[in-house]
Amino acid sequence: MGALLGLSRIIDIVTERIGKAVSWLILVAVLVSAGNAVVRKVFNVSSNAWLEAQWYLFGGAFMLAAAYTLSQNEHIRIDVVYGKFSRRTQHWIDLFGHCFFLMPFVLLMVYYLVPYVTMSFRSGEGSSSAGGLIVWPAKAILLAGFVLLAAQGVSEIIKKIAIMRGDMDDPTPFVPTHAPLDIDIPAQETRP
């Protein structure tokens with residue numbers, strides 16, 4: 001288990017560095033978007049390449065940070081149900097979800113995206129819009145995002161098994177975010 005936990009730590013480090021680095025793509029996308037809007041309004045000039053660059057930047061940030069989001073246990077789940085179970089049951093639910101939902105999906109996406117990206121790269125596929133960008137880098141970002149997500153899925157499976165076996169402490173103990181409200185609401189006064 002020690003070697004697997006070592007692999008998990010390496011995956012986590014790579015995922016964290018990539019996730020934090022690509023967070024800057026959001027700022028770049030906002031600046032490109034603002035610049036494009038200003039140029040369009042002030043100079044009445046528009047560019048499909050700049051519009052597509054915004055999409056690529058946002059898509060890159062979303063896809064390449066998905067694995068980091070998983071590593072931080074920040075993906076959306078139904079806390080109302082999940083939070084009612086013991087932490088051990090939550091680990092079993094997570095392990096089941098990673099093995100039977102996450103991994104089949106991401107591996108299927110990688111399987112289909114490899115030829116999709118390869119064909120796009122070989123053909124030098126360009127945008128269907130006049131003056132647009134080449135398309136294969138955006139498709140390659142999709143593939144890279146799913147490869148990272150698959151690697152992080154492996155890391156999460158290793159960690160869940162290690163936690164349940166007692167080989168490591170829980171790095172992200174679940175704390176319900178929707179705790180019941182314990183406030184007294186005073187009765188409304190009625191006026192005659």
Side-chain angles (χ1 to χ4, degrees), residues 1-29 55-121 136-179:
M1 186 53 103
L4 290 174
L5 285 171
L7 173 64
S8 176
R9 278 190 293 278
I10 291 169
I11 292 170
D12 289 349
I13 290 168
V14 169
T15 298
E16 181 177 2
R17 288 185 181 165
I18 291 172
K20 287 182 177 180
V22 300
S23 68
W24 288 98
L25 293 180
I26 297 294
L27 175 62
V28 176
W55 302 337
Y56 287 19
L57 290 166
F58 181 74
F62 181 83
M63 286 305 301
L64 298 174
Y68 179 61
T69 304
L70 178 62
S71 74
Q72 298 301 304
N73 198 29
E74 292 293 328
H75 279 285
I76 295 171
R77 65 167 46 95
I78 302 173
D79 292 342
V80 174
V81 175
Y82 185 82
K84 293 189 184 293
F85 295 112
S86 70
R87 189 63 182 132
R88 182 157 179 81
T89 302
Q90 290 173 354
H91 287 304
W92 277 108
I93 291 168
D94 289 342
L95 182 62
F96 180 82
H98 293 332
C99 290
F100 294 102
F101 293 103
L102 174 69
M103 293 307 292
F105 175 70
V106 295
L107 293 175
L108 186 67
M109 291 304 297
V110 168
Y111 176 79
Y112 282 114
L113 281 169
V114 168
Y116 182 67
V117 172
T118 303
M119 187 170 50
S120 181
F121 176 75
W136 68 264
K139 292 180 178 182
I141 288 171
L142 279 172
L143 176 59
F146 279 108
V147 168
L148 284 170
L149 197 53
Q152 190 60 46
V154 169
S155 175
E156 295 303 311
I157 290 169
I158 292 168
K159 289 186 288 191
K160 289 296 174 192
I161 292 170
I163 290 167
M164 290 189 295
R165 287 179 41 159
D167 294 335
M168 73 177 280
D169 292 331
D170 188 354
T172 54
F174 177 75
V175 178
T177 56
H178 302 291

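Positions are given from 1 along the sequence.
The shortest side-chain heavy-atom distance between V22 and M63 does not fall under the 4.5 Å cut-off. Side-chain contact between I161 and L4 is absent, with no heavy atoms from C-beta onward closer than 4.5 Å. Side chains of V154 and M103 form a contact here, defined as non-hydrogen atoms less than 4.5 Å apart. Using a 4.5 Å heavy-atom cutoff, the side chains of L142 and M109 are not in contact. Between L102 and L149, the closest side-chain pair of non-hydrogen atoms falls below 4.5 Å.
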Could you walk me through whether R17 and Y68 pass side-chain contact (heavy atoms from CB on, under 4.5 Å), step by step? CA-CA 9 Å; R17 288 185 181 165; Y68 179 61; over 6 Å; no
Carefully, step by step, assess S71 and D12 under the rule side chain to side chain donor-acceptor pair (under 3.5 Å). CA-CA 7 Å; S71 74; D12 289 349; 5.6 Å; no
Residue pair I157, L95: steps toward the side-chain contact (heavy atoms from CB on, under 4.5 Å) verdict: CA-CA 6 Å; I157 290 169; L95 182 62; 3.9 Å; yes
Test E16 against K20 for salt bridge (Lys or Arg N to Asp or Glu O under 4.0 Å), laying out the working first. CA-CA 6 Å; E16 181 177 2; K20 287 182 177 180; 2.8 Å; yes
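Between the CD1 atom of I158 and the CG atom of L7 there is a distance of 5.0 Å, given to the nearest 0.5 Å. Put simply, CG on L148 and CG on L143 are 9.5 Å apart, with the number rounded to the nearest 0.5 Å. Atom CE of M164 and atom CG of D170 lie 11.0 Å apart (nearest 0.5 Å). Between Q90 atom CD and K84 atom NZ the span is 12.0 Å, to the nearest 0.5 Å. Atom CG in L25 sits 11.0 Å away from atom CZ in F58 (nearest 0.5 Å). Put simply, NE2 on H91 and CZ on R165 are 14.5 Å apart, with the number rounded to the nearest 0.5 Å.
Residue K159 comes nearest to S8 through the heavy atom pair CG-OG, 3.3 Å, listed as atom of the first residue, atom of the second, then distance. Of all heavy-atom pairs spanning G145 and L64, the tightest one is N-CD2, 3.9 Å. Here the closest heavy-atom approach between residue I141 and residue Y56 is recorded as CD1-O, 4.2 Å. A pairwise comparison of heavy atoms in L107 and A150 identifies CD2-CB, 4.3 Å as the closest pair. Between I26 and A61, the shortest heavy-atom distance links the atoms CD1-CB, 3.6 Å.
For K139 and Y116, the positive end sits near the middle of the six-membered ring, less than 6.0 Å away and at most 45° from its axis.
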